[in-house]
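Take a look at the structure below.
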Amino acid sequence: MWHTCQFTRHIGGEGMPVTAPEGGRLRSERLRKLKELREQGVNPYPYSFRRTHLAQELQLKYAELPPDTETEDVVKVCGRILNERNTWLFVDVFDESGKIQLFCHKQSLPQTDIERLRLLDKGDFIGATGTIRRTKSGELSVRVTSYEILGKSLLPLPLTWDGFTDVEARYRHRHVDMIINPSVRETLKKRSIAIRTMREFLDARGFFEMETPVLQVEAGGADARPFTTHHYALDIDLYMRIATELHLKRLIIGGFEKVYEIGRIFRNEGISTRHNPEFTMLELYQSYGDYLELMDFTEEMLLHIVEKVCGGPQVQYQGTMIDFTRPWRRVTMRDAVLEVTGVDANAITTMDEARKCAAELGVELQHQETPAEVINAIFEQKVEKTLIQPTFLIDYPVEISPLTKRHRSNEALVERFELFMYGREHANGYSELSDPLDQRQRLEDQARRKAEGNEEAQPLDLDFIEAMEYGMPPTMGIGVGIDRLAMLLTNSPSIRDVIAFPTMKPKEPEGA
RNA sequence: GCGCCCGUAGCUCAGUGGUAGAGCACUCGGCUUUUAACCGAUUGGUCGUGCGUUCGAAUCGCACCGGGCGCACCA
């Protein structure tokens, strides 16, 4: 797309020389104005501006000021010009808080300043000094007595009546998207507040935030394909982490009793409205707790965040009310599958029975080796989408949970839950396996399967197993997908909406 | 990885085999000291890229690039 190429060339900054492209007429106009400003001795990129008020502060402070009223209150405001009317008589300036109108009348401004207005463009940053007034038509304004350009823009913003809606252009030029579509900033602000609230919640309970390695020799702790990278000095390939689990548990072994990390995770898998190759996950571990206590803890934490960000225990997501009021439903995997499909996991003991059952339900199978894994596949393909309100699915088969403690009353199960909302997995928690001999056996089993070609089976992390042999307390641990939580809290249909700069494939092939 | 759909001016979109268009934006002019998203004129395009079919391709075919949605994988 030609227009995108132009953006890429000038904003994308892919190391290409910045030359005026063929047809860069709009940009040329602005370069002309920039030159003219400099010739007049005006620095189009000055160093600072000290404002007295944000736009929103003025709107609140003068909310009662009646129309067609002048004051002598002098203020200084600054922001980006996004609209202009009546040949720069009225100028709409936006700062982070909102809009304030500038009133640039020749009675208040020197002639040179009036003439210089024609060198401004929509998109420029401006700082203005003047008195507060409300116009006849009711718009709160600053009657400008002096102004200065704070940053000249060279590229035109898509400030048209039709808006800026091209999805690809919006994601590739997110800074433009944020300027044109304020909801983008609102969404990212809510995400930020959610994460801040989460930190405050955990810090208030005595947790320590930790930072564990991103670059790893073996990427363990989850079932996923990792990214590979290379360290030149050591001349070794390294993996980007797919989870923080194993290192955080080593911190538990090392004597920390409450730790968490809110960190970027990298998984080399498909991209969709619910998956970005890099995403953010909270993982937390607490000694001496089990998965039952952890479910209570999770309810409390997420409810707190929802109330803080959304003002109540309920959120409207894509037309569906999600209610976080405690307690949340807890259902075993066996019961959930039984309810939806009529299949009783306990009645299926052989792979032949399991395969037949899956085929009847139209469930596709891949690496499944045991009936339990087939039941899990049936759950994922048939039951998961039905879990709309917050639901803890509990008691998973041992085969698919190599890091989880066996169920206290059933050897074939583990003490694990996953939290589902709107048919999507949002969190995964369990009573952490702390028996080193059991752990070694289960990871060896995973390693065998990896060797047999299952790329998502977990590797054998000998450092981790050795650490556990020094002794590990009973521990509860959970991972929470921050991006998906942010989607729910902001009613965002795509994960890309809650990520400032989502992963995009380059427009041109490498080396082109 | 698979399926369906999309890519035309800075933005939003028409045009589906016969001279590349509209609105907004930009530039110039007009009018105007309280709203101009006005009026007039101008300007602006390798029609995503390439190869074909054809007298003639934005339009039809094939391949490729990029994107959206759904499926799969997962969080």
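Please read all numbers here as calculations on a predicted model, not as lab measurements. Here is how names work: the chains are called A, B, and so on, in the same order as the sequence lines, proteins then strands, and each is numbered from 1.
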*Evaluate salt bridge (Lys or Arg N to Asp or Glu O under 4.0 Å) for A/R25 paired with A/E29, printing each intermediate quantity in order.*
CA-CA 6 Å; A/R25 181 176 46 90; A/E29 274 302 329; over 6 Å; no

Paired with [N] by Watson-Crick or G-U wobble geometry, both distances under 3.5 Å: which nucleotide is it?
{"N": "B/U32", "result": "none"}
{"N": "B/G18", "result": "B/C55"}
{"N": "B/A63", "result": "B/U49"}
{"N": "B/G3", "result": "B/C69"}

Can you find an N or O donor on one side and an acceptor on the other, under 3.5 Å apart, linking the side chain of [X] with the base of [N]?
{"X": "A/S137", "N": "B/U34", "value": "no"}
{"X": "A/R30", "N": "B/U27", "value": "no"}
{"X": "A/Q101", "N": "B/U35", "value": "yes"}
{"X": "A/R143", "N": "B/U33", "value": "no"}
{"X": "A/R25", "N": "B/C26", "value": "yes"}
{"X": "A/D162", "N": "B/G23", "value": "yes"}

*State which residue, out of A/K152, A/R80, A/K33, fulfils the salt bridge (charged side-chain N to carboxylate O under 4.0 Å, His left out) condition with A/D124.*
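For A/D124, the salt bridge (charged side-chain N to carboxylate O under 4.0 Å, His left out) test succeeds with only one of A/K152, A/R80, A/K33, which is A/K152.
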
*Are side-chain N/O atoms of A/T244 and A/E283 paired as donor and acceptor at under 3.5 Å?*
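Looking only at side-chain atoms, A/E283 and A/T244 do form a donor-acceptor pair, the distance falling under 3.5 Å.
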
_C1' spacing across the pair B/C71 / B/U54, given as an integer number of angstrom_ =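 Per the computed distance, 40 Å lies between those C1' atoms.
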
Counting only side-chain N and O atoms of [X], is one of them less than 4.0 Å from OP1 or OP2 of [N]?
{"X": "A/R172", "N": "B/G67", "answer": "yes"}
{"X": "A/K106", "N": "B/U33", "answer": "no"}
{"X": "A/K122", "N": "B/G10", "answer": "no"}

*Per the ring pair (Phe, Tyr, Trp, His ring centres under 6.0 Å) rule, which among A/W88, A/Y147, A/F90 passes with A/F103?*
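Going through A/W88, A/Y147, A/F90 one by one, the ring pair (Phe, Tyr, Trp, His ring centres under 6.0 Å) with A/F103 is satisfied by A/F90 alone.
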
*Would A/E36 and A/R118 pass as an ion pair if we require N to O under 4.0 Å?*
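Yes.
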
*Considering only side-chain heavy atoms of A/M504, which listed nucleotide, B/C26, B/C74, B/G67, is closest?*
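The answer is B/G67, which lies nearest to the side chain.
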
*Could you check how far CD of A/E425 sits from P of B/A72, rounded to whole Å?*
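From A/E425 CD to B/A72 P: 14 Å.
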
*Write down the distance between NZ (A/K33) and P (B/U27), rounded to a whole number of angstrom.*
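Interatomic distance, NZ of A/K33 to P of B/U27: 4 Å.
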
*Report which part of the nucleic acid A/S272 touches: base, sugar-phosphate, or nothing (heavy-atom distance under 4.0 Å, all strands).*
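A/S272: base contact, heavy atoms under 4.0 Å.
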
